[in-house]
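Each remark here refers to the structure printed beneath this line.
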2 protein chains.
Amino acid sequence: MNKINRKVEYALIGLKHMRSKQPGELTTIKELTALYGCPFEATSKVMQMLAGRGLVRSEQGAHGGYQLVKDLSRVSLYEVMEMVIGPVEIAKCLHGEPGGCDLRQSCNVVSPITLLNRRIIEFYRGLAVGELLDGRVAGPRSQPVELRGLVAEAGHQLSGVE
Amino acid sequence: MNKINRKVEYALIGLKHMRSKQPGELTTIKELTALYGCPFEATSKVMQMLAGRGLVRSEQGAHGGYQLVKDLSRVSLYEVMEMVIGPVEIAKCLHGEPGGCDLRQSCNVVSPITLLNRRIIEFYRGLAVGELLDGRVAGPRSQPVELRGLVAEAGHQLSGVE
DNA sequence: TTTAATTACGACTGTTTTAGTCGCAATTAG
DNA sequence: CTAATTGCGACTAAAACAGTCGTAATTAAA
């Protein structure tokens, strides 16, 4: 769903590592587990998912491994999340039964939550993995609601990089 | 942690309902369960949390109930989430053991994830519950990474309300 | 041709989180 | 006194998450 869980974490770890390699140089799961301590099988499956979606390329057999294919500055965090955990849904009242919400017909917050979900997705879509891994993530457009109006002219100091 | 779970949902349902009442008019849990089908005990606890944090006021005894105290246009979604589910953390590698991550010393993505977490929090902090419940949520500042550069001059059409 | 290293993949298990329930106490209007 | 309501801790059930196991397929190299 929404959280940055282990799968996404392992994906980011692997992607950042692969990005630092020479073009053509392969990365094995063994290498990742040795360097970062992530569990072999779990990491393996994540890389397989990324490979299936064309973000990385896999080479089988001895001396095999994975290789980054795309430019991470042109891949959004949303895409990576979708590859490893499926469509991002911030709440489960958003899809029908089973597993969804049976209060829908009378619920007074479905549409706000739906809208919020869309905004979160937009946020993730606007976030390039390359920039994220470099520590360059743009802040939000708006300032905290508690401060609105109170410190209007000082707002630009807060909405920056921090 | 991060997701809009049932607790947050019940909080929003209750808040939206209370907001529509006359000043001084109370709302009972029974009323909420009847109208929206949410479970009594769970909803009850959520309202108690909101009451403990001063967002609503409770009146005990027969003819008791809850009453909205603050102006929802000045309360952020982050505050509500914190009231009912605690501090927002997008990943659990962010706090130490136990429950945290033991790969920290060798992890290459702790700082990006920490930064991302901060940005998400800023997003929720900048989002007023009142506006959310009205369906007015500002979109993100940036456009999807897939489109960057390609449709530069048409970007403003996409970053708007949709 | 055998062996070792590696990816590929489904099934399974244990743990944690989430969701909801139960029971009973405290408060207050009538 | 009684009924309606909030207050609160303990408990149970279900779902999600994290990780493991077993086994096959592929390929380089001895």
Distance below 4.0 Å between A/N5 side-chain N/O and D/dA16 OP1 or OP2 = no
Between C/dT16 (P) and A/K3 (NZ): distance, integer Å | 13 Å
Can you check whether A/Y78 reaches A/E122 side chain to side chain, under 4.5 Å on heavy atoms?
-> no
B/M47 has an atom CE; how far is it from atom C1' of D/dT6, in whole Å?
-> 13 Å
Could you pull out the protein-nucleic contacts involving nucleotides 28-30 of chain D (nitrogen or oxygen on both sides, under 3.5 Å)?
residue: D/dA28; atom: O3'; partner: A/H63; partner atom: ND1; Å: 3.1

Comparing A/E41 and A/G64 on DNA chain C - which has the more 5′ nearest nucleotide = A/G64
Rounded to whole angstroms, how far apart are NZ on A/K45 and C1' on C/dT6?
-> 16 Å
Hphob cluster co-occupancy, A/L26 + A/L72, side-chain heavy atoms under 4.5 angstrom = no
Tell me: CG of B/L50 to P of D/dC8, nearest whole Å?
-> 13 Å
State whether A/S58 places a side-chain N or O below 4.0 Å from either non-bridging phosphate oxygen (OP1 or OP2) of C/dA8.
-> yes
Can you find a side chain N or O atom of A/Y66 that sits less than 4.0 Å from OP1 or OP2 on C/dT6?
-> no
For a quick test of your reading: what N or O donor-acceptor pairs under 3.5 Å do the side chains of residues 58-69 of chain A make, sequence neighbours left out?
residue: A/E59; atom: OE1; partner: A/R57; partner atom: NH2; Å: 2.8
residue: A/Q67; atom: OE1; partner: A/R57; partner atom: NE; Å: 3.0
residue: A/Q67; atom: OE1; partner: A/R57; partner atom: NH2; Å: 2.8

CD of A/E9 versus P of D/dA18: gap in Å, rounded?
-> 9 Å
